[in-house]
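Down below is the structure, laid out as C-alpha cells.
By convention here, the first residue in the shown sequence is residue 1.
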Amino acid sequence: MTTTDLTQEERSTVVRPGLFTLGRGSLIALTLLLIAIAATTTYRSDSEPRAGSKPKFDPAKYAAATFEPKIVPAIKKNAVDVVKLHRAIDADPEAAGKQYGHRAGTGPYTYAVTLTGTADAVKSGLMQVTVPGLDKARLSVQIGPAINGTSLRDASGLVSFGQFTNQVEYADAATALNTRMKAKVLKSFDAAAVRGKKITVIGAVTPLTADVLTITPVSIEAAS
C-alpha cells in the first residue's frame, strides 16, 4: 500500500525519512528547559567590566586622588634650588640626574625645583622669570592655556609605567595631572599682576639642556 491509498488522517501520521518528531510530553519538557535557560542567563553590556577585570581607567579621578595628596607634597619636599641644579647639570648631567632627579628607563631626568626671581613678560603661554645666578640660562614657567609635558607625573618618583595597563593610560595620567594643576594653581593666577615683582615658584622641570628650563608649577606665590 502506498501513501496515496491512505486517508488524510492516516497520511498525517506517517513519519517521513530524515525528519524528527517530538511527542507532546517532549515538547513541554523542551519548552520548560528553554524558559529555565533564559531565566538564568545574564546579559552584560560590552561597556561593563568583566568579572575579575580592572575597572576602566578614569584620568580625572586619578588626578584628583593623586595631585594634591601625593604629587604636590613630594615635589615641595624634594625641590632643589634651580641655580644649584643648573650648576650641577652644567658640570655633569648624569651625576646631577642621579643625585636630584627621577627618570623612567633611559629617558631624560625630571627634577623638583624651587626658585625666586622677577616675573617678566608672558609669551606663548610661558612666563619668563629672571633668576639671579642663571645668567646664561633661559627660565620660564608654564601658565597656559596649554600645559605640555610629563614633568608633574615624573618629578615625584611616585608614578611609574607599571602602575598602568598600557602606554595610553600612562600618557593620560600625565595630561590629567596637568589639567588638575591648571584648575588648582593657575585658575586664579594673574600673570599681569605680578609682572616686575618677585615671585617664588615650586614645580617640576625636564630640561633638554641646562640652559633652557621650563617649569611646570605646583605653587606660585609672591616672594617675601
Within the side chain of D90, is there an N or O that forms a donor-acceptor pair under 3.5 Å with the backbone of H86?
no

Would you sort out whether M181 and L152 count as a side-chain contact (heavy atoms from CB on, under 4.5 Å), showing the intermediate values?
CA-CA 9 Å; M181 183 277 291; L152 289 181; 3.7 Å; yes

Roughly how far apart are I75 CD1 and K77 NZ, rounded to 0.5 Å?
13.5 Å

Over all atoms of both residues, closest heavy-atom pair of I215 and P217
O-CD, 3.6 Å

So, for D154 and T150, which heavy atoms are closest and what is the spacing to 0.1 Å?
OD2-OG1, 2.7 Å

Which atom of A63 lies closest to which atom of A176, heavy atoms considered
CB-O, 3.5 Å

Which donor-acceptor pairs under 3.5 Å do the side chains of residues 184-194 make with protein atoms, sequence neighbours left out?
residue	atom	partner	partner atom	Å
D190	OD1	A192	N	3.1
D190	OD1	A193	N	3.3

Strictly distance-based, threshold 3.5 Å: is any side-chain N or O of Q142 a donor or acceptor partner for the main-chain N or O of N148?
yes

Under 3.5 Å, is there a donor-acceptor pair linking the side chains of S151 and T110?
no

Scan the side chains in residues 155-164 for donor-acceptor partners under 3.5 Å anywhere in the protein, sequence neighbours excluded, and list what turns up.
residue	atom	partner	partner atom	Å
S156	OG	L158	N	3.1
Q163	OE1	S160	N	3.4
Q163	NE2	L158	O	3.0

Side chains of L213 and V82 in contact at under 4.5 Å (non-hydrogen atoms):
yes

Could I get the full list of side chain to side chain donor-acceptor pair (under 3.5 Å) partners for D58, not counting sequence neighbours?
none

Would you check, one step at a time, whether the test side-chain contact (heavy atoms from CB on, under 4.5 Å) holds for T216 with V205?
CA-CA 6 Å; T216 304; V205 60; over 6 Å; no

For residues 113-126, tabulate all N or O donor-acceptor pairs below 3.5 Å that involve a side-chain atom, not counting sequence neighbours.
residue	atom	partner	partner atom	Å
T116	OG1	T200	OG1	3.0

When you measure from the side chain of D211 to the backbone of R138, do you find a donor-acceptor pair of N or O atoms at a distance under 3.5 Å?
no

Beyond-backbone contact of I89 with Y111, side-chain heavy atoms, under 4.5 angstrom:
yes

When rounded to the nearest 0.5 angstrom, what distance separates OH in Y62 from CZ in R153?
8.5 Å

Sequence neighbours excluded, the answer for ring pair (Phe, Tyr, Trp, His ring centres under 6.0 Å) partners of Y109 is none

Report yes if some heavy atom in the side chain of I199 is under 4.5 Å from a heavy atom in the side chain of M127; otherwise report no.
yes

Between Q128 and L139, is there a side-chain heavy-atom distance shorter than 4.5 Å?
no

Sidechain N-carboxylate O distance under 4.0 Å for R103, E94
yes

For a 4.5 angstrom cut-off between non-hydrogen side-chain atoms, does T165 reach F57?
no

Any salt bridge (charged side-chain N to carboxylate O under 4.0 Å, His left out) involving residues 160-183? Give me the pairs, sequence neighbours left out, ordered by first then second residue.
E68-R180

